[in-house]
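Note that these values count all heavy atoms, side chains included, but never hydrogens, waters or copies made by symmetry. In what follows, chains carry the letters A, B, and so on, assigned in the order in which the sequence lines appear, proteins first and then strands, with residues in each chain numbered from 1.
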2 protein chains.
Amino acid sequence: MNIKANTEFLNIKETYLFSEVGKRLRVYTEANPGKRLIRMGIGDVTRPLPQIVTDALCKAAMEMGNAETFRGYPPESGYGFLRESIVRYYARSGITLSPDDIFVSDGAKSDIGNLPDILGDNEVIIPDPVYPVYVDSNLMNGRRIRFIEGNIENGFLPLPDGIKEPSVIYLCSPNNPTGAVYDRNGLKAWVDCALETGSLILFDAAYEAFITDDLPKSIYEIEGADKCAIEVCSFSKFAGFTGLRCGWTVVPKGLMAGEVDLWKLWFRRQSTKFNGVSYPVQRAAEAALSDEGIKKCLENVSYYRNNASLLADVFASKGIRFTGGKNSPYIWLECPGGMGSWDFFDFLLNEVQIAGTPGEGFGRCGEGFFRLTGFGSLEDTKEAAERLKKLL
Amino acid sequence: MNIKANTEFLNIKETYLFSEVGKRLRVYTEANPGKRLIRMGIGDVTRPLPQIVTDALCKAAMEMGNAETFRGYPPESGYGFLRESIVRYYARSGITLSPDDIFVSDGAKSDIGNLPDILGDNEVIIPDPVYPVYVDSNLMNGRRIRFIEGNIENGFLPLPDGIKEPSVIYLCSPNNPTGAVYDRNGLKAWVDCALETGSLILFDAAYEAFITDDLPKSIYEIEGADKCAIEVCSFSKFAGFTGLRCGWTVVPKGLMAGEVDLWKLWFRRQSTKFNGVSYPVQRAAEAALSDEGIKKCLENVSYYRNNASLLADVFASKGIRFTGGKNSPYIWLECPGGMGSWDFFDFLLNEVQIAGTPGEGFGRCGEGFFRLTGFGSLEDTKEAAERLKKLL
């Protein structure tokens with residue numbers, strides 16, 4: 001065909017990270033059939049869904065099989081029952097939202113990827129290391145990206161620096177991949193910068209449920225954020241919904257970009273290019289946000305967080321610098337002895353049969369760092385901690 | 001904020017169609033509490049899901065509650081079991097596809113809305129009257145749209161006319177809103193035009209299951225279509241999944257726009273901005289595509305189609321010109337006596353308490369036409385047919 005494709009896609013570099021990781025693991029396990037590999041690179045939940053959630057799924061499925069209770073197209077922004085449950089969930093953190101501010105979606109990744117649809121050609125500011133979707137979804141739209149550096153000195157929590165023009169600023173806290181969490185002063189610095197420069201913050205709160213210390217779970221805990229921030233959140237990590245697919249985005253009603261109402265643009269985008277979330281999944285999400293559901297879901301979150309802390313203790317005892325390991329399922333460590341990310345990957349694999357993720361896969365600033373996660377089983381994590389203690 | 005919004009959104013006109021319809025119905029029913037209104041404007045399925053489908057949903061929900069069978073992130077393009085079921089479904093129409101050609105999604109509307117993401121600035125050709133998503137999703141990207149006229153003379157099945165430059169061509173057959181269905185010669189004319197001009201056809205097959213006559217259910221029944229067409233299809237109408245959310249898009253592997261591989265672009269788009277379809281929903285879709293599932297789903301399709309034919313018989317007996325009424329849930333009729341769409345709406349409402357959809361809501365060429373659907377109950381449809389017989 002002779003039609004024009006969107007050639008901006010050609011500016012996106014293929015990420016070989018996970019395929020290269022997979023390849024090296026295959027090669028090793030084939031060469032060493034006797035050795036037991038422990039996978040600590042997992043970025044996905046592994047615990048089963050609480051029964052209160054699966055019961056809600058089944059009940060809704062049965063409703064769909066009955067003429068009296070069958071439901072067709074869902075509301076594009078989500079059923080009222082779920083949007084109200086989400087509003088109540090925010091109220092637990094002292095945040096007041098209206099159901100109108102909530103847009104239920106099939107997951108945070110979709111919303112993060114689609115939000116650039118409603119934005120013009122602004123400078124985009126993204127911390128490095130980073131969840132690659134922030135970068136790629138903007139490159140697809142031909143946006144100008146400026147990376148700001150996360151490093152061991154700023155604890156991988158960069159603060160506003162040299163931002164003059166109105167920009168679109170991506171923040172993720174608790175952070176993937178570093179596990180670092182902004183405190184109120186840190187987020188306040190960003191909100192103040194956004195208000196001063198007329199910038200928009202896109203805040204990714206997907207890991208908020210892992211926070212146990214007194215740290216902000218939502219950007220809306222910071223005064224003024226409702227005038228400058230959109231927040232994306234998810235049931236994936238909190239409730240183990242990575243396989244069920246449900247998340248939400250908060251666009252405060254009346255959030256204006258100049259004369260343009262971004263709430264109306266997002267509503268128009270979603271009602272034109274999206275058709276709502278599966279009814280049984282919305283009922284499952286509602287169940288996860290019930291008092292009993294939250295209790296059960298947080299038991300799984302604690303399980304992962306405890307795994308992460310077991311690994312953190314090892315690195316702390318060895319004087320290896322890291323972020324995360326608390327308020328997060330992730331541990332982000334400095335490769336010992338100045339090793340490169342891939343050298344350390346091979347080192348851990350060959351010496352103690354532990355698989356992790358090389359930090360350079362998350363951006364230039366990830367070079368020399370390494371990510372381990374608490375999403376494995378407690379047994380494997382304990383075994384991995386023992387092996388690391390001996391090795392390091 | 002001073003950031004720039006995507007101002008292309010401001011070029012999209014608000015559609016007041018369904019809100020205006022709703023308003024007039026409210027006003028009438030409040031003024032006439034005694035009269036029984038029959039709603040024949042429904043564009044959504046109403047029959048419950050077959051038990052084989054709801055059982056599959058429940059079974060998958062239970063798997064998600066069990067540590068041994070829990071599943072996390074689904075593959076972005078869909079599970080192999082479902083993509084293979086879809087390939088077998090096409091094989092029933094004599095079409096050979098590979099599972100690699102299939103991208104499972106949360107619905108045809110999402111795919112139709114998102115496909116412009118991978119395309120450049122081409123002229124977009126859209127038949128009028130039209131499903132508004134084709135128009136709005138292109139206006140959001142600032143594309144140039146040329147409408148081609150559907151009318152009573154061409155049976156609302158316009159053929160290629162004056163297309164010189166490589167273009168993106170939207171086709172929907174069976175058509176929403178007109179119910180008209182292209183025969184092989186008609187689709188061949190479009191495929192030949194696309195091959196000659198280097199154009200891309202975006203074919204919307206969402207209503208294919210309604211076809212009983214010997215008419216093409218897929219663009220890929222036409223030779224050469226695999227070199228110039230992307231097809232979007234859905235479980236919504238075939239299996240009643242409007243509330244469950246599942247569809248698919250076929251991008252033949254190696255479909256090239258100049259030097260650019262559109263399959264790779266769509267894969268990249270989906271793997272970056274989408275995270276796959278809910279596992280229980282994919283199991284439900286697999287069940288709908290089993291031999292027993294297809295049989296049960298087609299019973300519902302026949303129910304709607306039979307309703308549409310009851311209405312078609314009335315208009316045929318009155319010498320009122322229409323399209324659809326077979327191979328489709330829709331009937332698209334010429335308003336009698338040269339009435340305007342809204343005049344006829346008010347006429348039906350006031351005289352026989354039947355609610356439909358004014359054709360002008362689907363584009364300029366819809367003025368003077370009216371859409372009724374077979375998605376209501378058999379009882380209501382029979383009653384409506386009787387009322388129309390007396391009135392017209």
Need one label for [X]: side chain, backbone, both or neither, based on atoms under 4.5 Å from any heavy atom in chain B.
X         : result
Met140(A) : side chain
Leu195(A) : neither
Leu200(A) : both

Spacing of [X] atom [atom1] and [Y] atom [atom2] [to the nearest 0.5 Å]:
X         : Y         : atom1 : atom2 : result
Leu265(A) : Trp263(A) : CG    : CH2   : 11.5 Å
Thr249(A) : Phe203(A) : OG1   : CZ    : 13.0 Å
Lys227(B) : Met256(B) : NZ    : CE    : 12.0 Å
Leu119(A) : Trp266(A) : CG    : CH2   : 9.5 Å

Heavy-atom pairs under 4.5 Å with chain B, option from [options] with the top count:
options                                    : value
Asp121(A), Asn275(A), Leu57(A)             : Asn275(A)
Glu123(A), Gln51(A), Arg269(A)             : Arg269(A)
Val53(A), Leu10(A), Ile12(A), Thr7(A)      : Ile12(A)
Pro280(A), Cys246(A), Ser278(A), Ala284(A) : Ser278(A)
Val281(A), Asn114(A), Val133(A)            : Asn114(A)
Thr197(A), Asp55(A), Thr46(A), Ile112(A)   : Thr46(A)

What residue in [options] has the most heavy-atom pairs under 4.5 Å with chain A?
options                                : value
Glu165(B), Met62(B), Met1(B), Arg47(B) : Met1(B)
Gly107(B), Gly113(B), Ala56(B)         : Gly113(B)
Glu259(B), Met64(B), Glu68(B)          : Met64(B)
Asp106(B), Thr54(B), Asn122(B)         : Asn122(B)

Which is it for Val168(A) and Leu115(A) under the side chain to side chain contact (heavy atoms under 4.5 Å, CB included) test, yes or no, and what are the steps along the way? CA-CA 11 Å; Val168(A) 174; Leu115(A) 277 163; over 6 Å; no

[X] versus chain A, the contacting section by heavy-atom distance below 4.5 Å:
X         : result
Val45(B)  : both
Val277(B) : backbone
Ile3(B)   : both
Thr69(B)  : neither
Lys59(B)  : neither
Tyr279(B) : both
Asp111(B) : neither

What residues form a salt bridge (Lys or Arg N to Asp or Glu O under 4.0 Å) with Asp44(A), not counting sequence neighbours? none

Give me the one residue out of Tyr79(A), Phe241(A), Phe235(A) that meets ring pair (Phe, Tyr, Trp, His ring centres under 6.0 Å) with Trp248(A). Phe235(A)

Just list the side-chain donor-acceptor pairs under 3.5 Å for residues 70-78 of chain A, sequence neighbours left out, or say none.
from	atom 1	to	atom 2	distance (Å)
Tyr73(A)	OH	Lys237(B)	NZ	2.5
Glu76(A)	OE2	Lys109(B)	NZ	3.3

Salt bridge check, Asp117(B) against Lys273(B): does any charged N sit closer than 4.0 Å to a carboxylate O? yes

Do Glu63(A) and Asn66(A) have side-chain atoms, one donor and one acceptor, less than 3.5 Å apart? no

Of Ile163(B), Ile169(B), Val124(B), the residue whose pairing with Arg146(B) passes side-chain contact (heavy atoms from CB on, under 4.5 Å): Ile163(B)

Measure from NZ or CZ of Arg39(A) to the centre of the six-membered ring of Phe375(A) and say whether it is under 6.0 Å with the direction within 45° of the ring axis. no

